[in-house]
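Below is one structure; the comments refer to it alone.
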Amino acid sequence: MGAFIVQFLTGLSDAASLFFVAAGLSLIFGVSRVVNMAHGSFYMVGAYVAYFVVSFLPKGIFTFWSGIIIAALAVGVLGVIIEILLMRRLYKAPELFMLMATFAVLLVIADLSLWLFGAEDKIGPRAPGLDGSYNIMGALIPQYDIALIVVAPLILIGLWLLLNKTRWGILIRAATEDRDMLAALGVNQKWLFSSVFFLGSCLAGLGGAIQLPKGGADLLMDLNVIATAFVIVVVGGMGSIGGAFLASVLIGELSSFGVLVLPQSTLVMMFLVMAVVLIVRPYGLLGKPEAEEHLPPELVESPLRPAPLKFRLVGLGVLVVLILLPFFAGSFQLVLFGEIAIFALACMSLFFMMGPGGMVSFGHAAFFGGGAYAAALLVHYTNSPMELAIALAPLCMGLLALIIGWFCVRLSGVYLAMLTLAFAQICWSIVFQWSGFTGGDDGILGIWPAKWASNEVVFYYLTLLVSIGGIMILRYLLFTPFGYTMRACRDSHLRPDSIGINVKRQQWFSFAVAGVFAGLAGGIYVFSKGSVFPTEMSISRSFDILLSVLLGGVHSMSGPLVGSTVFIWLEHQISQIPFYKWGLQIQPWRLILGGIYILLVMAFPQGIAGYFGRRFEGTFSVNK
Amino acid sequence: MQQVHNGIAILIPMENRQDRHILSLKDVNTFYGKAQILFDMSLAMSRGEVAVLLGRNGVGKSTTFKSIIGLVVPKSGSIYFKGEEITGLPPYKVCSMGLGYVPEDRRIFTGLTVMENLEVGRRLPREGFEPWTSERLFELFPNLRGLGKHLGGQISGGEQQMLTIARTLMGNPEMIILDEPSEGLAPVIVDQLANTIRNLKENKVAVLLAEQNLNFARRICDRVFIIDHGRVCHESTMAGLTGDVCEMYLAV
Ligand SMILES: Nc1ncnc2c1ncn2[C@@H]1O[C@H](COP(=O)(O)OP(=O)(O)O)[C@@H](O)[C@H]1O
Ligand SMILES: [Mg+2]
């Protein structure tokens, strides 16, 4: 009985920090419509700042809590600085570009944190005065956990009062509903946005700082917490602080008891809870249905015509060059171009569901990396031949996409995207944690092509065949009735229903098709690398794919192709920079990539291909 | 030299305008993307008037209002409020100069209570005018009295329309522009609305309406601008509006 109560209380105390993070995320999104990926970074920075401040100050109850508060405020200031320097310039840009910018910030902060805080995990200091334990019917619970259980509801009440009883809170709630009307009533939104970024970031910082004595600080906190925060926001209901609280408690309790039952089961339980909640209440526990789910306007209005002749000639030219490449390029170039082709297929599959399908995924690496793992596991455990593995990988991912998609298509817009990220993170965790089966962090090695394809030129051609074949099939699909129906569903949720199209089912199938082709890309990828690691399924990889598509622009099919080429080329260029010469131990590629993204977002808010497409509209359009 | 002369030549009438006109538009051209909606729209409204933009659906009345308040930015032309140019200013600046806007789709904050909706609109009092309070507004809109704690989404369409006007008045504007306020309201409510607008005039608030409903406009307006195809094609006092003009431009 005692153990049971203690487990329950532990769950409640775990919920506290999750609640702070999720509430901050929800507040910021509600007002500014920014899905702030950097929110996870704020949480991490909060933990580190608290660590250093608390270690620096003399020991004591007062200084400990001052340290926590200083950390939260410092993170709040960091949030405002980022809002003013970066986000403020982008509010007019498409929502997805703001997302891209916040992810770039996440990358930059990740490398800066490594540099500033060091690679070692930090073990949090005990909270003075709360370092003992209470005995509950024979089981012990740390006093600090009890403190957290008290603090969380206090913050909840504080937030509730702030939002309901102050003019600022009323304006925030009004802004969440209708920003334009608020402006037309004479409210200057600049300070409102900055202040909400401050509060939201403070909450993230507080979440990170306050869990320090329990969980310490490490460099993986940023992405780990963002996935959980997304789950909480989706389960609790977007924009509902009370819902975030309930959902945090639910998730906290689940992890707490899950560990008792079966340590590996916690993630699966989270998945099940999310599934049940979404089936029963699609808008989350306390969420309200959005009056009108708005799709980012940049996704609509892309009529997608077959490419004009000149454009096709360019494509043909590129294809000829690719085919002739082995005759004049070295093996290094072959590998690079093979990689570009594979990545282009992955990007194309995401474009397929995003552009024409109108469903944004933040977790496409689940299918790309998943395909790689499927193929690798087949080879590893059943010794299946390469051809079979490459053929089965997309099928497996199609199945996975059917499962994940079934949940995701119940939502739309940002909620759908958050859910894809949550699922992808769950898949990643399973691969990462189930080391007995998947090799865990060590990955699976020794997955080489079949003998006939082991020659690098032959393998290059095989890669081209699979990738370009996949891309052509996706393109073909877009101009079949399937593709037309897909776009009809994207552009109106009402009309297709009335002419007898089942919108959800159509979206579900499109989701699955995207999964199949991402899986195909992953399947061939693993043979080109010879190995696969969990990073291929990570959030970072998902964003590599997503940002490449956004870079290229979602308006035309050339977008993902251009974007993926630029991305791999950039990655290659960065890896060539001789940082070791300047005494750097590690390649700060995230910093550089993040910096480049930020510059690109500022310079081309429509995407590269979108930009040039518009610029040279005259050159490439037929008779317009 | 020539230019300076021209400059002065333009400036002088402008100064005059400042005295007489509270709001004026000069050759405003507004586009949505590539589609031009307003074509050299020009109009001037005197202080102390209740005026109406009258025109069929889709002729650009709402776009005119959005251009004035700053929700869309005209490609060319100028808009003056109290003699100061407001073209292209963001809505909150135009609003803080004393111009209130009531959009046609009402846009009540449905998750906020009636009182909170009023609070959102509240701005500092204007010198020389008694500030609007919720109490004064409840006198003007008796239907809203007692609904203070109700959510904006739970009250009737007519009450919502009253609330949008009340909410805008909380900003103590010198002038309000009302986009099709009578649309979709029951006749009794329309009568109340007419009374309210007359009341506003007595309170020294200038009013510019957009309407398709000639009968409603006729009851309250002093001046009428007939809009067609994004320009003013007829201007007169309400009394001077003749039947053939109505027949030509309005769906009567
Ligand atoms: N956001 C918009 N984008 C594109 N066209 C619009 C938009 N809003 C209105 N229009 C078009 O502009 C024209 C004028 O609209 P509007 O100003 O609302 O007319 P009114 O208020 O007189 O009925 C209409 O043809 C309408 O279709
Ligand atoms: Mg209108």
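Naming convention: chains lettered A, B, ... in sequence-line order (proteins, then strands); numbering from 1 in each chain.
Looking at B/I177, neither its backbone nor its side chain comes within 4.5 Å of chain A, counting heavy atoms on both sides. Proximity to chain A involves both the backbone and the side chain of B/L112, based on heavy atoms less than 4.5 angstrom apart.
Between atom CD1 of residue B/I108 and atom CD of residue A/E177 there is a gap of 9.5 Å, rounded to the nearest 0.5 Å. Annotation: the span from B/C95 atom SG to A/N188 atom CG amounts to 11.5 Å, rounded to 0.5 Å. For the atom pair CD1 (A/I170) and CZ (B/F109), the distance works out to 11.0 Å, reported to the nearest 0.5 Å. To the nearest 0.5 Å, the span separating CE on A/M181 from CG on B/D105 amounts to 8.5 Å. One distance of note links CG of A/L185 with CD of B/E119; it measures 11.5 Å at 0.5 Å rounding.
Highest contact tally toward chain A, considering only B/T110, B/N117, B/V94, is held by B/T110 [criterion: heavy-atom pairs under 4.5 Å].
Between B/G111 and A/R173, the shortest heavy-atom distance links the atoms O-NH2, 3.5 Å. When every heavy atom of B/R107 is checked against every heavy atom of A/D180, the shortest pair comes out as NH2-CB, 3.2 Å.
Here the side chain of B/R123 pairs a donor or acceptor atom with the backbone of A/G186 at under 3.5 angstrom.
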